[in-house]
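See structure below.
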Amino acid sequence: MTKGIVKRYFHLLGKVPLFLIFYSICVILSDILSLGIPILGSRIIDMITLENINGAYQTVILLGICYLVQNALTYGNSYFYASFFKNCYVDLHRKLIESIYQYDMKEQSDLPKAKIINTSNLDLISVCEIPSHTFHIMMEYLKLLLITFIFIWQNMFLGFIVFVLHLIYLKRLNDLNQKGAEHFKNQRMYADRLTGLLAQILNGLKDVKELNLIPTLNRKLEKERKNWKHHYFLRRKCIMRKESVTVVLVQLGKLGLYIFLIWKVFSNSITIGTLLLLISYYEKMTTSVTNIMEYSMNLLDEEIAFGRIESLLKMKVESKKEKNLPIHFEEPSISFQNVSFSYHKKIVLKNVTMNISFGEITVLTGTNGAGKTTILNLIAREIEANKGSIFLSGKRIETYDLESYLSEVSIVTQDPFLFNMSIQENFSMINKNHQVQIEICKKIGLHDMIMKLPNGYHTTLKEFATNLSGGQKQLLALGRALMKKSKILLLDEFTSSLDKETTEKMISILQEIKEEYLIFVIAHDERVIEMADTLFRLEKGHIKKIERK
């Protein structure tokens, strides 16, 4: 288990950080020193027994120096690990977010948002502890071996008994750890479900109240809470057995060791200092086994967390060919050639062929479920065609670097997403030049509407922009899209929730700017269909060009 997780961990990091090397050196020196300190304590006792006062004081001074050095090393390993930890967390968080940006529609729907949120916080913190716990396990095993040799050097039979006793103790603790880890995994699963259900309640709180769904939701929540509670208690039960039942074994062994060593002292076979030394080392063996199991339990939990992170990471390596292709076009065009698409064996598109020209408004209409949004998603590269090809100005779209390609595409949906920040901050995520923002807003008649808001461009939008009307949201979304200065503008049912006046205003804006863009619109609204320069109808997966009169 340990070797596998470490290999995967450093493969993900891509290197062994320097801070981690310094940390390891400090831990090794500190642990070696900790084994020498009991020897000095034993020596002090023997010198007192022999009335060697000077030797006793000198050893005390040496012991004090060892304490100082050990404290310095402890500070060093804490400092170096903290330095590694903060960088590790930031790097992994960056990889996770970059991976999320690459998700296509299927991956977005397959991965619960609650899992992503929980993983991006709790699991990342947990995973950053993997090197520390792994290294400590290795050091504790090394200390166990060294202490066993010390016991064997004193008495071979005694060393064998002490070693076997702790081996049994180790095995029992490991069994309990494995059971506890399985319960922890189930805990996380039910915690994800609770978080996911809570997020859905918050998103639909109005409907939840109006439809009186609270009793039903409470039953669902209670079921998940009960499952979480069940696995939490079973995990705690494993911990309780480790801390109270299993430990009796080594406690009985310690009592037996006392009896044996006392007999040795009275038979003048060993000194009192040696008795104390061996008792101290026995306790260190027990502590080492306990530590190994604690670190192992943490590592099992962290392996679960790491697996969750791995399940969210999507490693895509773009080819050099893609990176080298230019992407900016003054007058782009899009062409579908015999494009087919199926979803879960259901045929959505069949041999679709069409051309979308620059400087025109191309409208796609059709019945609900005909596959119109699928075509838009294909252009946006959210999904890939099963057959056929899509071309951008003569080049297959997949030959372009995805990030550069999307920089040339702007999308306005029927329910646009706006961040819970000011209007200006929303715009600045696309274009930081406030003067450009104002110019575009004036161009589409948005500026006056913004200035009537309480704080103008500095008005903070509530979550889901509930302090704006549907028309205001659509105008902001269109303004934001135009600030991107891309040449391809995709609009998906953008007037579906708008009143007549706002719809006509949006149509007027598109007609004014069409010569500067490739505009592709999905629509049912007859007023939008009427403005089309080129009109296509999609029915049962087949596309047909409708001749304009």
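Everything numeric in this text was worked out from a predicted model, so none of it was measured.
- Every residue was checked against the salt bridge (Lys or Arg N to Asp or Glu O under 4.0 Å) condition with K484, not counting sequence neighbours, and none meets it.
- In summary, D123 and R188 engage in a salt bridge, as defined by a charged side-chain N under 4.0 Å from a carboxylate O.
- Between L535 and K545 the shortest side-chain heavy-atom distance does not fall below 4.5 Å.
- Put simply, the residue from Y81, F306, Y9, Y295 that forms a ring pair (Phe, Tyr, Trp, His ring centres under 6.0 Å) with H133 is Y295.
- The main-chain N or O of S342 is found under 3.5 Å from a side-chain atom of N386 such that the two form a donor-acceptor pair.
- Between the side chains of S333 and S357, no donor N or O sits under 3.5 Å from an acceptor N or O.
- Between the side chain of S422 and the main chain of T460, no donor-acceptor pair closer than 3.5 Å is present.
- Salt-bridge check for E222 with R219: failed, with every basic side-chain N at 4.0 Å or more from each acidic carboxylate O.
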Hey, can you pull the donor-acceptor pairs under 3.5 Å for the side chains in residues 440-457, sequence neighbours left out?
{"residue": "K443", "atom": "NZ", "partner": "E516", "partner atom": "OE1", "Å": "3.3"}
{"residue": "K443", "atom": "NZ", "partner": "E516", "partner atom": "OE2", "Å": "3.3"}
{"residue": "H447", "atom": "ND1", "partner": "Y457", "partner atom": "OH", "Å": "2.8"}

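- Taking Y232 as the reference, Q187, W228, R236 meet the side chain to side chain contact (heavy atoms under 4.5 Å, CB included) condition, with sequence neighbours excluded.
- Inspection of the S335 and Q337 side chains reveals an N or O donor paired with an N or O acceptor under 3.5 Å.
- With a 6.0 Å radius and a threshold of 12 heavy atoms from other residues, nucleotides or ligands, I347 has its CD1 atom at or below the threshold.
- Annotation: cation-pi pair R381/Y405 present, NZ/CZ under 6.0 Å from the ring centroid and within 45° of its normal.
- Looking at N87, its side chain does come within 3.5 Å of a backbone N or O of S83 through a donor-acceptor pair.
- F520 places a side-chain heavy atom less than 4.5 Å from the side chain of I375.
- Between the side chains of T413 and E493, not a single donor N or O lies within less than 3.5 Å of an accepting N or O.
- With F336 as the partner, the side-chain contact (heavy atoms from CB on, under 4.5 Å) test is satisfied by one option alone out of I543, I379, N351: I379.
- Salt-bridge check for R241 with D175: failed, with every basic side-chain N at 4.0 Å or more from each acidic carboxylate O.
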Exercise. Output, in order, the C-alpha distance, side-chain angles, deciding distance and verdict of side-chain contact (heavy atoms from CB on, under 4.5 Å) for D492 and V412.
Key: CA-CA 6 Å; D492 185 8; V412 179; over 6 Å; no
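- Considering only residues two or more places apart in sequence or on other chains, M421 meets the side chain to side chain contact (heavy atoms under 4.5 Å, CB included) condition with F419, E425, N426, M429.
- Remark: the backbone N or O of L461 is paired with a side-chain donor or acceptor of N420 at under 3.5 angstrom.
- A donor-acceptor pair under 3.5 Å is formed between the side chain of T399 and the backbone N or O of R396.
- E501 pairs by the salt bridge (Lys or Arg N to Asp or Glu O under 4.0 Å) definition with nothing, not counting sequence neighbours.
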Under 3.5 Å, side-chain donor or acceptor atoms of residues 360-371 against the rest of the protein: list the pairs with distances, not counting sequence neighbours.
{"residue": "E360", "atom": "OE1", "partner": "T534", "partner atom": "OG1", "Å": "2.9"}
{"residue": "T365", "atom": "OG1", "partner": "A523", "partner atom": "O", "Å": "2.9"}
{"residue": "T367", "atom": "OG1", "partner": "E539", "partner atom": "OE1", "Å": "3.4"}
{"residue": "N368", "atom": "OD1", "partner": "H524", "partner atom": "NE2", "Å": "3.4"}

Quiz item: D301 and K185: salt bridge (charged side-chain N to carboxylate O under 4.0 Å, His left out), yes or no, with the steps?
Solution: CA-CA 8 Å; D301 294 348; K185 185 176 181 180; over 6 Å; no
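- A donor-acceptor pair is defined here as one N or O able to donate and one able to accept, closer than 3.5 Å; no such pair exists between the side chain of E224 and the backbone of L221.
- In this structure, the side chain of S428 engages the main chain of Q424 through a donor-acceptor pair within 3.5 Å.
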